[in-house]
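Here's the structure, in structure tokens; my notes come after.
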Amino acid sequence: MKKWLMGLTMMSLAAGLIGCGDNSSSTGATTSVMDDGAGETATTLKYWTFVELHGQHFQSMLKKWNEANADRQIKLEVSVMPYDDMHNKLSIALQTGQGAPDISDIEVGKFPDFLNGTPQLESLNDVVEPHKASIVQSRLDLYTKDGTVYGLPTHVGAAVAFYNTEILESAGVDYKSIVTWDDYKKAGIQVYEKTGNYMGTADTSAGWQASMMLAQQGKDFTDDAGTPIVNSPEMIKGLSILKDLQKSNVIATVAGGQPDTEEAYGEFNTGKYASAMMPFWFMSRYVNYMPDLSGKIAIAPIPVIEKGMPTSYGGGGTGTVVTKQAKDVQLAKDFLAFAKLTLDANINIWNTLGFDPVNTEVWAMEDVTHNKDNKFVQYFQNNPFEVLNEIKDGINLIKSTPSSPTINNVINTTTFNEIFENDKDVTEALNEAQSEIEQQLK
Amino acid sequence: MLKNFLYSQKVAPYVFVLPFVLIFLVFWLYPLASSAEMSFQKVMLGQSAQWVGFDNYAKLIDDSMFLKAVMNSVTYTVMTLVILIPFPMLFAVLINAKFMWGRELFKSVFFFPALTSVVVAGTIFRLMFGEMEGSLINSLLGIFGIEPVKFLKGHTTGFVALLSLAAWRWMGVNILYFLAGLKNIPDDYYEAASIDGASTFQKFRFITIPLLKPTTIYVLTISIYAGMAMFVESLMMWNGNNSPQNIGLTIIGYLYRQGIEKNNLGFAATVGLVLLLVTMIINLTQLALSGLFKKEDA
């Protein structure tokens with residue numbers, strides 16, 4: 001073999017390395033066509049999501065749409081894909097200019113990446129306008145860039161505390177008396193001494209707890225201009241409180257790194273941890289994945305650092321968008337607004353998905369929120385909406401900014417692990433995180 | 001006319017190599033050139049790219065995360081070489097030995113893991129190395145009174161898990177390579193050595209190892225390539241591309257994170273080209289040192 005030929009062969013071999021990124025864990029999509037009540041002339045719209053249940057919600061809204069709009073009927077082709085796959089496919093489709101669906105879900109943590117430069121998504125301002133008065137503005141802000149709304153929210157995601165009353169009672173603790181973190185600590189020590197179980201988790205792979213601590217102090221991961229400040233005094237204070245709880249055996253790290261993982265569902269289900277402070281949608285995880293705890297879980301406001309602080313923030317979220325490649329943009333937009341912003345849609349979001357709808361009118365509708373046939377109402381000891389209405393005015397916003405994906409990546413993979421697994425000094429870990437984030441954003 | 005053309009001795013060779021050349025141009029050279037172009041651009045979704053000069057390269061130089069990814073990939077590669085060359089060679093010699101029974105059985109048992117999908121194997125290894133008391137490895141350790149270990153949260157233990165997966169999966173393939181190499185060594189050499197009074201170890205040291213050199217070089221080359229390109233194993237082991245403190249982040253993982261997860265294809269192209277360069281240098285150096293080029297020229 002000639003030298004140059006050898007070189008060429010080596011090059012092609014090595015060039016294969018570059019191509020390797022694309023063939024990851026494609027586990028394939030499940031696609032189904034929903035044509036409830038649609039006639040021959042119906043337009044087919046493609047919808048991508050990473051949550052199977054979202055498709056079910058769209059199905060019931062589709063039926064209503066086709067009944068009400070005989071001349072603009074729709075068939076919906078729903079593809080459910082795993083989280084990473086769906087976002088990666090969508091970004092490749094938007095990058096290449098072909099293959100994108102008409103409508104797609106984008107998770108809030110990924111959303112800023114789709115807003116770089118000129119977003120390849122349609123403005124939804126005109127369809128949002130008629131509903132603006134009744135929906136929570138901060139949830140729209142998450143999916144807005146320069147005054148243009150690109151995504152419609154699914155829920156508020158107000159964070160609340162979930163207590164396992166069976167464990168608490170056996171330790172002689174009443175969750176209703178827990179108001180501050182000091183109360184929580186005292187209760188937690190009692191729980192650990194009496195039962196050997198932990199009061200809660202120390203999360204290493206998600207920022208729910210950090211968001212909660214920042215929101216109580218009226219702060220965020222970024223300043224008003226969107227510049228990252230993860231080593232702010234408030235962040236240090238918040239994480240130090242958590243670190244202290246960990247040292248007192250009140251909270252401990254959990255398999256999976258945070259409550260919203262399969263490993264952690266198992267740990268909760270067996271009663272190893274007595275509480276979780278999670279966004280409202282975590283209710284659906286209890287109902288679907290922790291059947292053994294049915295009737296044992298009570299919902300309450302999250303403890304605060306000092307009395308009077310706001311107790312909650314809106315966590316997580318999915319923005320549904322219309323892409324620039326949509327066949328019939330106006331039809332897609334109108335249907336999307338119908339399926340996510342109308343009162344009907346919001347009632348259905350609670351009934352099907354168990355989320356706290358963005359239309360707060362629903363929160364006050366007793367017949368909907370206290371419906372005895374609802375599986376979420378049945379599962380929990382107290383009515384979730386009683387807590388929601390109590391904390392209504394204290395739900396702070398944790399912003400989504402262009403730097404959010406980088407911030408989340410650094411703190412969720414490195415910083416929390418260093419603090420809770422490796423016992424690194426809180427301030428030191430956060431200072432390092434700050435410089436790492438700044439460096440990556442350069 | 002057509003017949004003349006087809007039967008022409010000058011044209012025919014070109015016709016034969018044409019499919020390769022075309023595939024090479026379309027699927028290797030064109031993407032390579034377009035990656036090189038992208039590495040000087042800022043690429044945003046569906047929009048025309050902006051030229052940014054050497055910005056991406058400058059950013060890569062101070063990127064501590066990239067350095068971490070390189071270190072992880074290099075460590076993984078070196079460790080796989082340490083495990084996956086001497087042991088398969090030894091096992092191949094044992095399987096090939098005259099006193100060995102059940103030769104075919106061992107060959108297939110060792111080779112089986114290579115037939116499983118990385119996705120399946122990775123998932124099973126993740127569960128085996130789980131941090132809970134009930135996971136396989138921890139329950140085995142429990143028998144000896146060892147406390148449960150959080151394997152996938154620590155750097156060293158994480159690598160233990162990754163390397164076990166690699167060793168389990170590739171041992172059989174490398175054994176087959178070495179077995180094929182052993183078949184090419186004539187028995188006469190061993191007979192001659194025996195007559196001269198050489199011990200078994202001396203035969204292994206002075207006949208087997210030197211004559212297996214071409215096989216060893218081949219295995220070394222593909223192992224370096226496979227090690228530097230490792231991605232799916234880590235992705236499956238940590239159920240995603242974000243391992244705690246990035247202990248499982250590889251160069252390809254970093255490229256994937258930047259290009260696909262963060263939609264920063266320009267920077268990812270830069271990472272890819274640097275990786276290509278690094279791998280080329282390592283492989284060419286290794287091939288030159290092992291004297292492969294010299295032989296070809298002679």
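Residue numbers begin at 1 in each chain, while the letters A, B, ... track the order of the sequences.
- Interface remark: B:S64 contributes backbone and side-chain atoms alike to the contact with chain A (heavy atom separation under 4.5 Å).
- Proximity to chain A involves both the backbone and the side chain of B:M44, based on heavy atoms less than 4.5 angstrom apart.
- A:K110 touches chain B through its side chain: at least one heavy atom from C-beta onward sits under 4.5 Å away, while N, CA, C and O do not.
- At a threshold of 4.5 Å between non-hydrogen side-chain atoms, the residues B:P244 and B:W238 count as touching.
- No side-chain heavy atom of A:V322 sits under 4.5 Å from any side-chain heavy atom of A:Y150.
- Scanning residues 412-424 of chain A against chain B with a 4.5 Å heavy-atom cutoff picks out A:T413, A:T414, A:N417, A:E418, A:E421, A:N422, ordered by number.
- Contact annotation for A:S205: neither backbone nor side-chain heavy atoms come within less than 4.5 Å of a heavy atom of chain B.
- By the 30° and 60° cut-offs, the orientation of the rings of B:F267 relative to B:Y254 is perpendicular.
- Chain A forms the most heavy-atom pairs under 4.5 Å with one residue out of B:K153, B:K59, B:M65, B:K42, and that residue is B:K153.
- Contact check for B:L152 versus B:M237: side-chain heavy atoms found under the 4.5 Å cut-off.
- Remark: the backbone N or O of B:M230 is paired with a side-chain donor or acceptor of B:T250 at under 3.5 angstrom.
- Within residues 433-442 of chain A, the residues that have a heavy atom under 4.5 Å from a heavy atom of chain B are A:E436, A:Q439, A:Q440, A:K442, listed by number.
- By the 30° and 60° cut-offs, the orientation of the rings of A:H87 relative to A:F114 is tilted.
- At a threshold of 4.5 Å between non-hydrogen side-chain atoms, the residues A:L239 and A:Q209 do not count as touching.
- The greatest number of non-hydrogen atom pairs below 4.5 Å with chain B, out of A:T204, A:T118, A:T406, is found for A:T118.
- Contact between B:A269 and B:M38 at its shortest, heavy atoms only, is CB-CB, 3.9 Å.
- Taking the six-membered ring where tryptophan is involved, the planes of A:Y273 and A:F268 are tilted, since the angle between them lies from 30° to 60°.
- Contact annotation: the side chain of B:V70 approaches that of B:F66 to within less than 4.5 Å [non-hydrogen atoms, C-beta and beyond].
- Side chains of A:W48 and A:K89 form a contact here, defined as non-hydrogen atoms less than 4.5 Å apart.
- Contacts between B:E261 and chain A at a heavy-atom distance below 4.5 Å involve backbone atoms as well as side-chain atoms.
- A donor-acceptor pair is defined here as one N or O able to donate and one able to accept, closer than 3.5 Å; such a pair exists between the side chain of A:T195 and the backbone of A:N197.
- Across A:D113, A:T96, A:I92, the residue that shares the most heavy-atom pairs under 4.5 angstrom with chain B is A:D113.
- Across every non-hydrogen atom of B:Q41 and B:W51, the tightest pair is NE2-CZ2, 3.4 Å.
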